[in-house]
Amino acid sequence: MTDALAEPRIRIDDRLNGSAGDEIAVEVRDGLSRSPLRELPPKLFYDAYGSELFDRITQLPEYYPTRCERSILNRRAPEVVSTTRAEELVELGSGSASKTRALLFAMAGSGRLRRYVPVDVSAEPVERCADELCKTYPGLEVHALIGDFHRDLEHLPDGNRRLFAFLGGTIGNLFPHERVEFLGGLAELMDPDDRLLLGTDLVKEVDVLEAAYDDADGVTAEFNRNALRVVNRELGADFQIERFEHRAFFDPDEAWIEMRLRSLDDVVVNVPGAGIEVPFDAGDEIRTEISAKFTPDRVDGELAASGLALDELWTDDEDRFAVSLSSVASP
Ligand code: AVJ
């Protein structure tokens, strides 16, 4: 074997190192103590089982976002790559990077693909995918950052002509002020030659939106309840999971989908790891996720409010989902 092949091409920078545990206890304590509406952070969904459920969700007939975004990316990847002349893909919340393949493929075809930088809270899928990508693209360097993309972005390696990708509509899980904060932080660390590729779900008929979050097979219900399963395991809580009912509805004033869990009983739940006891009356709810839905104008407006300038916005054939490309606004 030559030295070139022996060179380590995969680097994994783990910024979590177990720190996640304490943080979860604090977030769960604060969230479940909130009044009038209790709250749990959506990141609780994504343990190994929850990630598997989410994969199943993306294949449901009702859940259109994944399919729509993939069709946009497949169609526009060559254009994204030729206009940005990107050399490096920095993917925030990469998971198994299935939609990123089109981008990497187009970048490799342009002869400019140098490095892939996946950022994710969960190490295993990233490691598996890094190995596979290195086999597919000889010469590709992978620098994985395991961490929370709200907090650990300062640890991103420097680079040239970077394409930051934040896909799936995950930006919609943040509240409006958090979105501007997050995008603003990103804008601050972007160079003039860098670009942001952002996936955003669009406002549409309420029944289509609500079905996507309340599928006939109950996969989303199971995914939603998984947040309680994780709290039971991580914090020793005694939620009776099947006694909480899945709810999903579109709030037209906020323009977001809300997922909640509604207690069927009067019950006091003990959460020793968070040092609290949480009383529920039958009918009381916990909000587990918001998923904001945008208009193209609103995407433009929020980017502008964050110091970013919209360059392109593409939608699928049915205008259900949008992928936008933006750059740091010139002062
Ligand atoms: C992966 C966060 C974009 O908000 O649509 C799917 C998560 N929640 N079904 C979304 C989710 C319920 C999904 N994101």
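One-based numbering along the sequence shown. For clarity, every value in this text was computed on a predicted model and none was experimentally measured.
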K43 and E27: CA distance, side-chain angles, deciding distance, salt bridge (charged side-chain N to carboxylate O under 4.0 Å, His left out) verdict
CA-CA 11 Å; K43 69 175 169 201; E27 280 175 86; 2.8 Å; yes
Heavy-atom side-chain contact between [X] and [Y] under 4.5 Å:
X    : Y    : answer
T136 : L104 : no
K204 : Y64  : yes
E210 : D214 : no
D238 : V269 : yes
T288 : L44  : no
I57  : T66  : no
V180 : F175 : no
T83  : D311 : no

Side chain to side chain contact (heavy atoms under 4.5 Å, CB included) between D193 and N160, worked out
CA-CA 7 Å; D193 283 340; N160 269 320; 5.9 Å; no
Residue of the set T200, L303, V299, L325 for which side chain to side chain contact (heavy atoms under 4.5 Å, CB included) holds with L313
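One option only clears the test, and that one is V299.
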I'd like to know if the side chain of [X] reaches the main chain of [Y], judged simply by a donor and an acceptor atom lying under 3.5 Å from each other, with no hydrogens or angles considered.
X    : Y    : answer
R67  : L60  : yes
D215 : T220 : yes
R287 : L37  : no
D191 : D194 : no
R112 : G109 : no
H246 : Y213 : yes
R9   : L140 : yes

R243 NZ/CZ over F280 ring centroid, <6.0 Å and within 45° of normal:
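Judged by the rule (NZ or CZ under 6.0 Å from the ring centre, within 45° of its axis), R243 is not positioned above F280.
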Report yes or no: is the cationic atom of R298 (NZ for Lys, CZ for Arg) closer than 6.0 Å to the six-membered ring centre of F294, at no more than 45° off its axis?
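Yes, cation above the ring, under 6.0 Å and within 45°.
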Looking at F244 versus F239, is the centre-to-centre ring distance below 6.0 Å?
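Yes - the distance between ring centres of F244 and F239 falls below the 6.0 Å cut-off.
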Does F166 have its ring centroid less than 6.0 Å away from the ring centroid of F182?
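That pair passes the under 6.0 Å test.
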Find the distance between [atom1] ([X]) and [atom2] ([Y]) and round it off to the nearest 0.5 Å.
X    : Y    : atom1 : atom2 : result
L228 : E242 : CG    : CD    : 10.0 Å
T100 : L167 : OG1   : CG    : 6.5 Å
L32  : L40  : CG    : CG    : 4.5 Å
E91  : C129 : CD    : SG    : 8.0 Å
L73  : L197 : CG    : CG    : 6.0 Å
E245 : S263 : CD    : OG    : 10.0 Å

Going by the salt bridge (charged side-chain N to carboxylate O under 4.0 Å, His left out) test, name the single residue among R162, R161, R115 that passes it with E88.
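Considering R162, R161, R115, a salt bridge (charged side-chain N to carboxylate O under 4.0 Å, His left out) with E88 is found only for R115.
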Is it the case that over 12 heavy atoms from other parts of the model lie below 6.0 angstrom from the CD atom of E178?
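Yes, CD of E178 has more than 12 neighbouring heavy atoms, counting only those of other groups under 6.0 Å.
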Using a cut-off of 6.0 Å, state whether more than 12 heavy atoms not belonging to R233 lie near its atom CZ.
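For R233, atom CZ is crowded (more than 12 foreign heavy atoms under 6.0 Å).
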Minimum heavy-atom distance A282-L264, with the two atoms named
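Here A282 and L264 meet closest at CB-O, 3.6 Å.
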Distance-minimising heavy-atom pair for R34 and R38
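Smallest interatomic distance, heavy atoms only, reads O-CG, 3.8 Å.
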Check step by step if side chain to side chain contact (heavy atoms under 4.5 Å, CB included) holds for C134 and V142.
CA-CA 8 Å; C134 281; V142 177; 3.7 Å; yes
Starting from the C-alpha separation in whole Å, work towards a yes-or-no answer on ring pair (Phe, Tyr, Trp, His ring centres under 6.0 Å) for F223 and Y46.
CA-CA 9 Å; F223 175 74; Y46 301 96; 5.6 Å; yes
Check: N226/R229 side-chain N/O donor and acceptor closer than 3.5 Å
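Per modelled atom types, N226 and R229 side chains form a pair under 3.5 Å.
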Not counting sequence neighbours, which residues clear side chain to side chain donor-acceptor pair (under 3.5 Å) with D316? List them please.
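Result, side chain to side chain donor-acceptor pair (under 3.5 Å) vs D316: none returned.
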Which residues pass the side chain to side chain donor-acceptor pair (under 3.5 Å) test with H143, not counting sequence neighbours?
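Result, side chain to side chain donor-acceptor pair (under 3.5 Å) vs H143: none returned.
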Pairing of [X] and [Y] as salt bridge, 4.0 angstrom limit:
X    : Y    : result
R56  : E52  : no
R262 : E285 : yes
E132 : R101 : yes

Could you state whether M259 and F54 fall into the same hydrophobic cluster, counting links through intermediate Ile, Leu, Val, Met, Phe, Trp or Tyr residues with side-chain heavy atoms under 4.5 angstrom apart?
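Same cluster.
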Let me check something: do L133 and L163 share a hydrophobic cluster, defined by ILVMFWY side-chain heavy atoms less than 4.5 Å apart, either directly or through other members?
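Hydrophobic grouping puts L133 with L163.
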List in chain and number order the residues that pass salt bridge (Lys or Arg N to Asp or Glu O under 4.0 Å) with D266, two or more places apart in sequence or in another chain; answer none if no residue qualifies.
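Scan of D266 (salt bridge (Lys or Arg N to Asp or Glu O under 4.0 Å), adjacent residues dropped) gives none.
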Starting from the C-alpha separation in whole Å, work towards a yes-or-no answer on side chain to side chain contact (heavy atoms under 4.5 Å, CB included) for L92 and L153.
CA-CA 9 Å; L92 309 173; L153 287 186; 3.8 Å; yes
Is there a side chain to side chain contact (heavy atoms under 4.5 Å, CB included) between F250 and K293? Walk through the geometry before answering.
CA-CA 9 Å; F250 183 64; K293 308 304 165 191; 4.0 Å; yes
